[in-house]
Amino acid sequence: MSVINDIEKIIEDAKDDGDYWERNFPVLMSKMNVEMNKVVDSYRVLPEEEKKALHKSISNHMAWSLLAFAENMATYSLRHKEQKLFTNGLSALGMVMGILDTREMLLIMPLYYDVSLRSNLSFSTILDQRDELSAFVKAFLDRDEVNKSLKCMGYIFTKDDSNSPIYRRTW
Amino acid sequence: MYSDPTGHTEYSDPSGYGNYYSSQAEAKTRAEKQAQFNAGTNLFGMPTADYAKYKKANQQEYDSSHNEANYRPSWAYATITSVAKSTTQGNSTIPSAPTPCPTPSPSPSTYRSSQTTGTNPFEDFLDKIRNIPSNIEYSFSSPNRFFSAALGGGVEVLDNLVLSPLAFAMDYTVFLPNTIQNKAKGEENCPIGTCSSAVDQLMDNIETYCVNDLGVDQRAYEGGESNADVFTTTVGVYYGIKGICSLAESAAAWRNARGTVSGGVKVIGRLEDTVIAKDWKGYDVLDSPNWNMDVNDAWVNEGIENNQTFYTASPMTENNLISSNPMYPGETVYAREIRMLKEAGYVQEGDYFIPPQ
């Protein structure tokens, strides 16, 4: 259960150093996001059985942190054009499946779809997993364009103060 | 003793106990109730899976007991919020108890008393009924005398249902049957409050199995008929005793009738939780492969514009309503739905949101 312990520690550390309350997207990823990427990396390579066992230990509080991470990684994957960030963000969504309302996950999906349109980043790694997350992602990708748009989930694509691309909510 | 406008007479609880029970707010948490339901035994410990077999074996008796001619004299007790036990006692004629009945020994932990107003409880009850918003339907399976009399001209009869404005304006309502028996223990039919083991068992089970809404507690519905159908709502606890009427059955009918009469009840909540209502007749679940925020908002607004009732399929807990992470702040989709209803003037009644008048 080191993944769970690691997430807990990341959250606690982020509270101590202030990352936890940071809503902006600095050019450099926060320590929290960097560390969370490492944890999701290690989660992704776990055997399916271990993933399932671990999933049961993810608290609601952790799930919200993972969802925040997923939202953040959409923006950072676009900025850095980095497939790993893209895949890790989606994997974090997989970690909260069944814990949070599926609709909360759906809200994030257009960000990733938009990233895929604006870059060469792809869903293929996730889709190849052939698991619950891949089914969820595939169902989303099967939608018509309007229902995959940022607008339909209340997001816009814009630039922040440093002229870096960013996805922002309109609600 | 109280007489309704038709001359039908009602009695207060002879023991001074049993009329007063907690509402849902005092009951166990929804999650616990759900877990107990999932455990799969009925009110009297019968495994839910065995019920079909049980019911078949008892069909003849079941049919007989649902014959009007076999009905006991209606409901003996109707106690509402703000009615003191002492007041009830002071105005009552206590019916004599059949023998043999055990000595009453109600447990204080299972009975709860309410606050006093010093008013006549039956008149108070009728007043509350008269003042209930007309857009709320309610039903009982057989047009039983107490309710049909008490409801007067507001009653609509739909097949074997009595639909009427009723009940939800009351904070705390308890309808008790006049008699109860615990067949499993070989007891006689006894006035409630005197037949202690059956009553105690019921009360214990109310604590354990009260339901989340006015829908049927499946445990009661599927297995409770050996002695009683029991379910509670946020406004009260209802006992349907075999041979008098089956309230659990009526609740299922109520659910259907309510949806039919009011144009459908919209079901809000977590996607995973609303699935349960997909097969409920008259209930509208947003089940779209293209779900998005705009679609959701439009669907909720449609219900608001049509004055439809909303049912909350998920508990309104902090976990379900707000993100706990400041990097992902704000309300959840479910909270957004509830906010829209509140902003439109909806009032929460238990697990339902009722449109403004």
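In what follows, every heavy atom counts, from backbone to side chain, and hydrogens, waters and symmetry copies are set aside. Below, chains carry the letters A, B, ... as their sequence lines are ordered, and counting in each starts from 1.
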Checklist entry - Looking only at atom types and distance, does a side-chain atom of A/Glu104 sit under 3.5 Å from a main-chain N or O of B/Thr332, one as donor and one as acceptor? => result no
Checklist entry - Where on A/Lys151 is there a heavy atom nearer than 4.5 Å to chain B: the side chain, the backbone, both, or neither? => result both
Next on the checklist: Does any backbone or side-chain atom of B/Leu286 lie under 4.5 Å from a heavy atom of chain A? Answer side chain, backbone, both or neither.
Outcome noted: neither
Checklist entry - Do other residues, nucleotides or ligands put more than 12 heavy atoms under 6.0 Å from the CD atom of B/Glu318? => result no
Item to check | Winner by heavy-atom pair count (cut-off under 4.5 Å) against chain A, out of B/Leu271, B/Asn320, B/Asp273 | outcome: B/Leu271
Item to check | Note, A/Arg143 side chain near B/Trp291 side chain (heavy atom, < 4.5 Å) | outcome: yes
Next on the checklist: Atom CD of residue position A/Glu132 - does it have more than 12 heavy atoms of other residues, nucleotides or ligands inside 6.0 Å?
Outcome noted: no
Item to check | A/Trp64/B/Asn319 under side chain to side chain contact (heavy atoms under 4.5 Å, CB included): CA gap, chis, key distance, verdict | outcome: CA-CA 10 Å; A/Trp64 282 115; B/Asn319 279 348; 5.7 Å; no
Checklist entry - Side chains of B/Asn292 and A/Leu106: closer than 4.5 Å at any heavy-atom pair? => result no
Next on the checklist: Atom NZ of residue position B/Lys342 - does it have more than 12 heavy atoms of other residues, nucleotides or ligands inside 6.0 Å?
Outcome noted: no
Checklist entry - Counting only heavy atoms not in A/Asp161, do more than 12 sit closer than 6.0 Å to its CG atom? => result no
Next on the checklist: Show the nearest heavy-atom pair for residues A/Asp101 and B/Arg270, with the distance to one decimal.
Outcome noted: OD2-CA, 3.3 Å
Next on the checklist: Check A/Arg103 with B/Glu337, please: is the shortest side-chain N to carboxylate O separation under 4.0 Å?
Outcome noted: yes
Item to check | Residue-level contacts of residues 296-305 of chain B with chain A, using a heavy-atom cutoff under 4.5 Å | outcome: B/Asn296
Item to check | Part of residues 92-99 of chain A lying next to chain B, heavy-atom separation under 4.5 Å | outcome: A/Gly98, A/Ile99
